[in-house]
Amino acid sequence: MNLGLLGFGVVGSGVCRIIDAQDTEELKDIHISKILVKDLSEGNDPRLCVNAEEILNDPDIDVIVECMGGLEPAHAIAAKTLAAGKSFVTSNKKMYATFQQELQQLSTTHGGRIGCEACVGGGIPWLHEVAHTRRIDAISSFRGIMNGTTNYILSGMTDTGAEFDEMLKQAQSLGYAERDPSDDIDGYDVRYKTCISAAHCFDAMAKPEEIPSYGIRNIKAKDIAWARKNQRIIKLIGQGTLKDGALQASVMPVFLHESDAMSRVSSNFNQIELNGATLGRAAFYGQGAGSLPTAHAVVQDIIDLKQNRTHAASHPHACNVDNEAVTGTYYVRTAKLASFTGLIDQKIDEETFLTAAVSMNGLLQAVKNADDPALFLAEVDR
Ligand SMILES: NC(=O)c1ccc[n+]([C@@H]2O[C@H](COP(=O)([O-])OP(=O)(O)OC[C@H]3O[C@@H](n4cnc5c(N)ncnc54)[C@H](OP(=O)(O)O)[C@@H]3O)[C@@H](O)[C@H]2O)c1
């Protein structure tokens with residue numbers, strides 16, 4: 001099997017390292033033929049090239065492996081690859097979550113297959129386990145800590161009492177957070193992963209922008225202190241449930257009870273759980289990012305393609321997010337308390353309150369109306 005590798009950064013170079021090492025029988029007849037870079041001066045590997053067409057039009061290349069990131073040209077290349085009936089493996093959750101309906105359709109029509117294991121949970125074989133579970137079970141729900149950067153920040157704030165900015169700087173200095181951390185700290189990265197997980201767990205392909213998403217940019221040490229006083233630990237959680245045929249999904253900080261094993265997932269680790277009809281609750285834990293763990297997931301997809309493994313339970317279709325029936329209690333800190341009249345059940349201080357059990361959609365509408373850029377919101381119970 002010959003591969004065209006697009007992108008030679010953190011993930012792409014890891015993929016190259018694992019495949020070139022040829023350490024197992026499964027890897028012996030998998031080869032990288034060409035590697036797309038922006039500039040040939042990026043290395044002296046004779047496989048480097050700068051023209052994507054050279055790779056896409058090479059009849060000897062069976063599978064395109066995309067580790068460039070961003071929406072374009074990754075999306076155009078994915079569409080072209082699948083339209084040509086070739087298979088496509090990606091670690092690019094933003095692109096894949098955004099275009100999964102179109103790409104799945106191209107895969108169905110032309111027979112090329114898609115591998116996206118690395119898009120969710122990095123090195124954790126989460127999507128593989130979802131498919132494995134679905135050979136027997138319907139999955140009713142999933143939830144997870146799917147972003148190592150924010151988990152590192154929240155764990156540090158919980159352990160040391162530090163403020164958000166201090167922990168973000170630390171995460172940046174250790175290479176856990178990017179210079180522009182918005183995708184992580186505003187919940188967008190988890191939103192893409194929640195979107196892809198819903199498609200795999202429930203066959204429900206929603207648009208990422210339909211999933212209400214709130215991050216941790218505005219969290220303060222005092223929110224963490226209130227949580228600790230109440231035997232809670234705050235984690236950024238992506239979750240999805242299939243209830244009466246409706247896809248419920250959200251991304252927001254959650255006050256997990258300290259008896260909940262997920263509350264003990266610390267540092268930059270990830271954990272994702274599912275609920276299966278006969279399996280019950282099963283949890284998958286590990287490194288959600290990093291060069292070799294993520295590359296491991298990419299290469300597992302490539303081996304699955306080589307071995308022609310398919311997941312028969314999966315027939316994804318377009319679906320809207322419907323949180324109408326979701327109710328919960330929420331913690332809100334805002335300078336605009338007056339906008340929440342009728343929703344305040346218990347005042348914690350002059351700017352912070354708890355709701356009673358309320359409709360999530362109703363609360364989020366009030367949050368929108370309040371238009372407070374410094375507002376912090378978290379789910380306490382559901
Ligand atoms: N890093 C992780 O731990 C991790 C984990 C899971 C998923 N992912 C996903 O995997 C993807 C890659 O992440 P990464 O961390 O490897 O990023 P990265 O280190 O920035 O690598 C991407 C590489 O692709 C190159 N590139 C971008 N557009 C290109 C183009 N049009 N032609 C040729 N080369 C191009 C970039 O060049 P320039 O730098 O010059 O732009 C860079 O060298 C992203 O979608 C990311 O979300 C990453």
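Each ligand, and each atom within it, is numbered from 1 in the order the structure gives.
Contact annotation for atom 20 (O) of ligand 1: protein absent (non-hydrogen atoms, distance under 4.0 Å). At least one protein heavy atom sits closer than 4.0 Å to atom 41 (O) of ligand 1. Atom 17 (O) of ligand 1 lies below 4.0 Å from none of the non-hydrogen atoms of the protein. Counting only heavy atoms, the protein gets under 4.0 Å from atom 48 (C) of ligand 1.
Counting the atoms of ligand 1 from 1 in the order shown, those under 4.0 Å from a heavy atom of Pro73 are 31 (N). Of all atoms in ligand 1, listed by their number and element, those nearer than 4.0 Å to a heavy atom of Ala289 are 3 (O). With ligand atoms numbered from 1 in the order given, ligand 1 contributes 32 (N), 33 (C) to contacts under 4.0 Å with heavy atoms of Leu36. Listed by number with element, the atoms of ligand 1 under 4.0 Å from a non-hydrogen atom of Gly290 are 2 (C), 3 (O). Counting atoms of ligand 1 from 1 in the listed order, those under 4.0 Å from a heavy atom of Asn92 are 45 (O). Which parts of ligand 1 touch Gly7 is read off a 4.0 Å heavy-atom cut-off, strictly below it: atoms 24 (O).
A salt bridge links Lys193 to Asp189: at least one charged side-chain nitrogen sits closer than 4.0 Å to a carboxylate oxygen. Between Lys336 and Asp371 there is no salt bridge, since no side-chain N of the basic residue sits under 4.0 Å from a carboxylate O of the acidic one. For the pair Lys93 and Asp183, the salt-bridge criterion is not met [side-chain N within less than 4.0 Å of a carboxylate O]. In this structure, Lys86 does not pair ionically with Asp58, as no charged nitrogen and carboxylate oxygen lie closer than 4.0 Å. Between Asp304 and Arg113 there is no salt bridge, since no side-chain nitrogen of the basic residue lies less than 4.0 Å from a carboxylate oxygen of the acidic one. With salt bridges taken as basic N to acidic carboxylate O contacts below 4.0 Å, one links Arg228 and Glu258.
Remark: minimum distance from atom 5 (C) of ligand 1 to any protein heavy atom is reached at Thr294 OG1, 3.3 Å. When hydrogens are left out, the protein atom nearest atom 30 (C) of ligand 1 is Met68 SD, 3.5 Å; that is the closest non-hydrogen contact. Looking only at protein heavy atoms, the nearest one to atom 44 (C) of ligand 1 is Gly69 CA, 3.6 Å. Here the protein heavy atom with the shortest distance to atom 33 (C) of ligand 1 is Val37 C, 3.5 Å. Nearest protein heavy-atom neighbour of atom 4 (C) of ligand 1: Val11 CG2, 3.7 Å. Closest protein heavy atom to atom 12 (C) of ligand 1: Cys67 O, 3.4 Å. At the top of the distance list for atom 23 (C) of ligand 1, counting protein heavy atoms only, stands Gly9 N, 3.8 Å.
Using cut-offs of 30° and 60° on the angle between ring planes, the pair Tyr331 and Trp226 is tilted.
Inter-residue side-chain proximity for Asp260 and Ile233 is flagged as unmet; no heavy-atom pair is nearer than 4.5 Å. Within the 4.5 Å cutoff, the side chain of Leu343 has no heavy atoms near those of the Tyr330 side chain. In this structure, the side chains of Met262 and Ile237 come closer than 4.5 Å at one or more pairs of heavy atoms. Residues Val251 and Leu236 have side chains in contact (heavy-atom distance under 4.5 Å, counting atoms from C-beta outward).
When the options Gly121, Ser91, Cys49, Gly122 are ranked by their closest heavy atom to atom 11 (C) of ligand 1, first place goes to Ser91. Considering Lys38, Glu66, Glu178 only, the shortest heavy-atom separation from atom 37 (O) of ligand 1 involves Lys38.
No side-chain N or O of Thr150 forms a donor-acceptor pair with one of Asp184 less than 3.5 Å apart. A donor atom on one side chain and an acceptor atom on the other are not found under 3.5 Å apart for Glu273 and Tyr285.
Looking at Val10 next to ligand 1, an N or O pair under 3.5 Å apart turns up.
At least one heavy atom of Lys93 sits under 4.0 Å from some atom of ligand 1. For Ala118, the closest heavy-atom approach to ligand 1 falls below 4.0 Å.
Of the heavy atoms in Leu6, none comes closer than 4.0 Å to ligand 1.
Without hydrogens or angle criteria, Ser155 side chain to Tyr152 main chain gives no donor-acceptor distance under 3.5 Å.
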